[in-house]
Each structure stands twice: as structure tokens, then as C-alpha cells.
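Worksheet: one structure, shown below.
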Amino acid sequence: MKRVTLVDVFKHRVTQKYLQRSGINHAVTVTGYAFEMALEEGVDPDLATKSALLHDMGHYEWYRDGKWDYEEYRKHDIHAIKGAERAHKLLVRLGEDRLAAKEVSLAVLLHTDSYLPFGLDDKRTTLQDVVTRADEKDEQPLGMHHYKKMDKSEAVQLLHALDQRIEQVLEQKEKLSG
Ligand SMILES: [Fe+2]
């Protein structure tokens with residue numbers, strides 16, 4: 001089965017629609033961090049990077065009196081729940097393996113516990129922990145990391161380079177196990 005690439009995922013109109021809100025720069029930066037951390041931790045870099053790219057696709061904008069209101073947003077926030085469902089639907093639509101789509105969806109669901117009545121420290125799998133730490137590494141106060149700019153063409157270039165590195169790692173693994 002042909003691998004669904006990060007570029008495939010990124011270019012889909014659903015991704016384009018939702019990543020405009022949470023920021024392409026943040027999504028792509030976190031994807032790069034997740035790749036490096038996945039290698040360090042020995043988790044699947046394909047799953048880690050897809051989860052990272054899509055982790056904030058459930059974000060929406062909360063305006064009050066025409067102004068972005070971060071406090072209001074935090075109070076009502078369920079972006080991880082929305083994102084988990086959107087990521088799953090999108091990946092299945094792109095022909096992703098169902099189990100992989102579920103792993104990614106769970107990593108999106110659990111990348112933050114800010115919306116939950118309990119913490120998730122020490123409860124995450126290594127994959128889920130990688131995605132959480134990659135996200136936290138790019139975070140800035142008051143959600144400013146969502147406003148960093150990046151051109152679509154630059155994003156595609158960076159993701160394409162990551163796709164090539166991921167495929168190298170996966171090929172290497174196959175050789176070792178085969
Ligand atoms: Fe994030």
C-alpha cells in the first residue's frame with residue numbers, strides 16, 4: 001500500500017481550511033520537532049509527524065465584540081476532541097490504514113489535557129508523549145504561536161523533506177525486520 005504522505009495530508013482542502021486557524025507555521029514546526037523526538041524515542045515517525053501536523057486542526061476562533069478573546073476561548077475549548085475526529089475522517093478519506101488513523105486520532109485527542117478535569121501526565125503512550133512535547137516546545141504565551149507566518153510553498157517544501165526522511169527510516173526498518 002502506498003504511504004499517505006505529509007504533503008498529501010497538508011494539501012487536502014480540509015487541512016487547508018482548518019490549519020489556517022491554528023497556523024501553518026505552528027503545525028509544520030511541531031511536525032519537525034515530532035520527527036526528531038520520534039527517532040530519539042523509537043516510535044513510528046510516520047504516526048508522530050501526522051499527529052503533529054494535525055494536532056490543532058480542531059481549533060476555532062473565539063471572537064467577542066469583534067476581538068479575539070483568549071480567555072473565553074480557553075473556557076469553551078474542545079479543540080482536541082474536534083481535531084481527533086477531523087484527523088481520523090481526513091486520514092481515512094485519504095486511504096490511510098485504519099489502525100494508523102486511530103493512533104493519530106488518539107494522539108490528537110490526548111496532546112493536551114487543558115480541557116479535561118484531570119491530568120494526563122504519565123498516562124500517555126510514548127507516541128502521544130512525543131506529540132505533546134513537540135507541541136509544548138513551540139508554544140508561546142497567550143497562544144501567539146498560532147500567529148507565526150509561513151507560506152504554503154515553504155510548508156510543502158519542509159514537509160516533502162520530512163516525507164523523504166520518514167521513508168528512509170521506514171525502509172531501513174523494513175530491511176532490518178525482513
Ligand atoms: Fe499546538
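Any value given below was found using the heavy atoms of this structure, including those in side chains, with hydrogens, waters and symmetry copies removed. Start at 1 and go down the list; that is how both ligands and their atoms are numbered.
- Remark: side-chain polar atoms of Thr31 are paired, donor with acceptor, to backbone N or O of Ala27 under 3.5 angstrom.
- Between Asp113 and Lys123 there is no salt bridge, since no side-chain nitrogen of the basic residue lies less than 4.0 Å from a carboxylate oxygen of the acidic one.
- Counting only residues at least two apart or on different chains, the salt bridge (Lys or Arg N to Asp or Glu O under 4.0 Å) pairs with a member in residues 88-99 are Lys50-Glu96.
- Taking the ring pair (Phe, Tyr, Trp, His ring centres under 6.0 Å) definition, one finds that His88 meets it with nothing, sequence neighbours left out.
- The side chain to side chain contact (heavy atoms under 4.5 Å, CB included) test with Phe35 is passed by exactly one of Asp46, Ile166, Val30, Leu6: Ile166.
- Sorted by first and then second residue, the ring-ring contact (aromatic ring centres under 6.0 Å, His included) pairs with a member in residues 107-145 read His26-His145, His55-His111, His79-His111; sequence neighbours excluded.
- Listed by chain and number, His26 NE2, His55 NE2, Asp56 OD2, Asp135 OD1 are the protein N/O/S atoms closer than 2.8 Å to the Fe ion (ligand 1), with waters left out.
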